[in-house]
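The structure presented is a predicted model; accordingly, all values stated were derived computationally and were not measured.
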Amino acid sequence: LMENDIISKLLQRVSENRLALVNWYRSVETKEHEIGTVTRAQWADGLKAVLKLNIPFLEFQDYLGLPKLGVNGKPKGEVDYMSFLQRFTPVNTTLEKNLWRSGGNDMASRERLQHIIELLYKNRFELESLFRHFDLNGDERISASEFREGILSMQHFFEHKFSESEVDQLIQLLDENSDGVISYAEFFNSFTMHDPYLAQRQKANEEVKKKLTVKQKKTK
């Protein structure tokens, strides 16, 4: 169980720090290797440095979805770090589904939405805590104006100033029936990862944790 918890946290941390990891790996690329690749030792060093975790990442290669063969076809060969990190791209199924329905599925709209998803995913726990403060009756729903206020008040965490149009687009995609009410719990539960294997593993780990939490509450 402890191992599952560690893996779950690692998957989250990698996903939350994808862009910082890309920059770190780019900084250590050398002419001796193919563009976009690093050695496995560099791969592990990057995770240690960016995630600030002093753990033996090479022992977690399989759990983190790193291929056994390198880009050169050799066992434990060099790593294509962009392909590795692409698998950890955060996805919000609710936003994706509603963007498709709204007809705004062009490349520019998707890129803007993905940038927003990355920011919200990284700060999802702080945001959910704030929304629960607005949720006076505990039904896990808040008004569109409260959602807007929450997003705008948290901008210093995002390191990004949301435009009015970005917030409006987000609210429009989440307020499906245009009644001015947003289910923030459904929104946060819709976060997953681009790679199905990692998404399934993450979901399984979270379900185990929930069952354990329920069991611990019953025994108290």
Side-chain angles (χ1 to χ4, degrees), residues 1-93 96 107 110-111 113-127 156-160 188 190-210 212:
L1 183 61
M2 183 178 293
E3 185 180 79
N4 282 338
D5 189 42
I6 292 172
I7 293 166
S8 178
K9 289 178 180 177
L10 284 180
L11 294 176
Q12 286 183 9
R13 294 286 290 275
V14 173
S15 186
E16 292 167 357
N17 292 276
R18 277 187 334 109
L19 301 182
L21 284 164
V22 169
N23 292 332
W24 195 95
Y25 290 135
R26 280 178 178 163
S27 72
V28 299
E29 279 188 32
T30 64
K31 295 180 180 178
E32 296 144 8
H33 304 291
E34 290 186 40
I35 295 175
T37 66
V38 292
T39 65
R40 298 209 173 216
Q42 289 171 326
W43 170 82
D45 289 343
L47 291 171
K48 285 183 181 180
V50 174
L51 305 187
K52 296 179 174 56
L53 295 172
N54 188 26
I55 61 176
F57 280 99
L58 289 174
E59 294 181 15
F60 289 88
Q61 293 180 65
D62 292 341
Y63 295 112
L64 292 175
L66 199 65
K68 295 182 184 296
L69 299 179
V71 292
N72 53 10
K74 296 180 180 179
K76 299 183 180 179
E78 294 171 10
V79 175
D80 180 340
Y81 63 81
M82 289 301 293
S83 294
F84 167 71
L85 293 173
Q86 177 66 26
R87 304 178 67 191
F88 289 86
T89 303
V91 174
N92 188 282
T93 54
E96 292 276 346
M107 185 62 71
R110 289 190 66 81
E111 287 179 355
L113 182 62
Q114 184 57 46
H115 181 59
I116 292 172
I117 288 174
E118 298 255 4
L119 293 170
L120 298 182
Y121 179 77
K122 189 170 184 178
N123 299 277
R124 64 195 183 283
F125 298 119
E126 292 84 358
L127 270 174
H156 59 289
F157 281 105
F158 299 146
E159 299 177 355
H160 170 82
F188 289 115
S190 297
F191 277 113
T192 184
M193 294 182 194
H194 176 73
D195 184 89
Y197 167 78
L198 295 177
Q200 185 178 13
R201 185 168 194 109
Q202 176 74 349
K203 184 177 180 181
N205 289 340
E206 289 177 353
E207 286 176 352
V208 169
K209 287 174 65 177
K210 285 180 181 178
L212 179 63

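Contact of the Phe191 side chain with the Ile117 side chain is registered, since non-hydrogen atoms from C-beta on lie closer than 4.5 Å. Proximity of Pro90 to Glu118: side-chain heavy atoms (C-beta onward) are separated by under 4.5 Å at one or more points. Looking at Val79 and Thr37, their side chains never come closer than 4.5 Å, going by heavy atoms from C-beta outward. A 4.5 Å side-chain heavy-atom check between Val22 and Arg18 finds every atom pair outside the cut-off. Taking the side chain as every heavy atom from C-beta outward, Phe88 and His194 never approach each other to under 4.5 Å. At a threshold of 4.5 Å between non-hydrogen side-chain atoms, the residues Leu120 and Phe188 do not count as touching. Between Gln42 and Thr39, some side-chain heavy-atom pair lies under the 4.5 Å cut-off.
Atom CG of Leu69 is surrounded by more than 12 heavy atoms from other residues, nucleotides or ligands within 6.0 Å.
For residues 61-76, the set of pairs meeting the salt bridge (Lys or Arg N to Asp or Glu O under 4.0 Å) definition, not counting sequence neighbours, comprises Asp62-Lys68.
Summarising the geometry of Ser15 relative to Met193, their closest heavy-atom pair is CB-CE, 4.1 Å, with the distance given to 0.1 Å. The two residues Leu66 and Arg40 make their nearest non-hydrogen contact at CD2-NH1, 3.5 Å.
Taken to the nearest 0.5 Å, the CG atom of Leu11 stands 11.0 Å off from the CD atom of Glu16.
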CA sep, side-chain torsions, deciding dist, call: Gln12, Lys122, side chain to side chain contact (heavy atoms under 4.5 Å, CB included) = CA-CA 9 Å; Gln12 286 183 9; Lys122 189 170 184 178; over 6 Å; no

Where do Val14 and Leu85 land on the side chain to side chain contact (heavy atoms under 4.5 Å, CB included) test, with the steps shown first?
-> CA-CA 8 Å; Val14 173; Leu85 293 173; 4.1 Å; yes

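Panel note: side chain Thr89, backbone Gln86; a donor-acceptor pair is recorded below 3.5 Å. In this structure, Arg26 contributes its side chain and Asn23 its backbone to no donor-acceptor pair below 3.5 Å. With hydrogens and angles disregarded, a donor-acceptor distance shorter than 3.5 Å links the side chain of Asp80 to the backbone of Ser83.
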Between side-chain atoms of residues 45-60 and protein atoms elsewhere (two or more places apart, or another chain), which donor-acceptor pairs fall under 3.5 Å?
none

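Two rings, from Trp43 and Tyr25, have their centers 6.0 Å or more apart.
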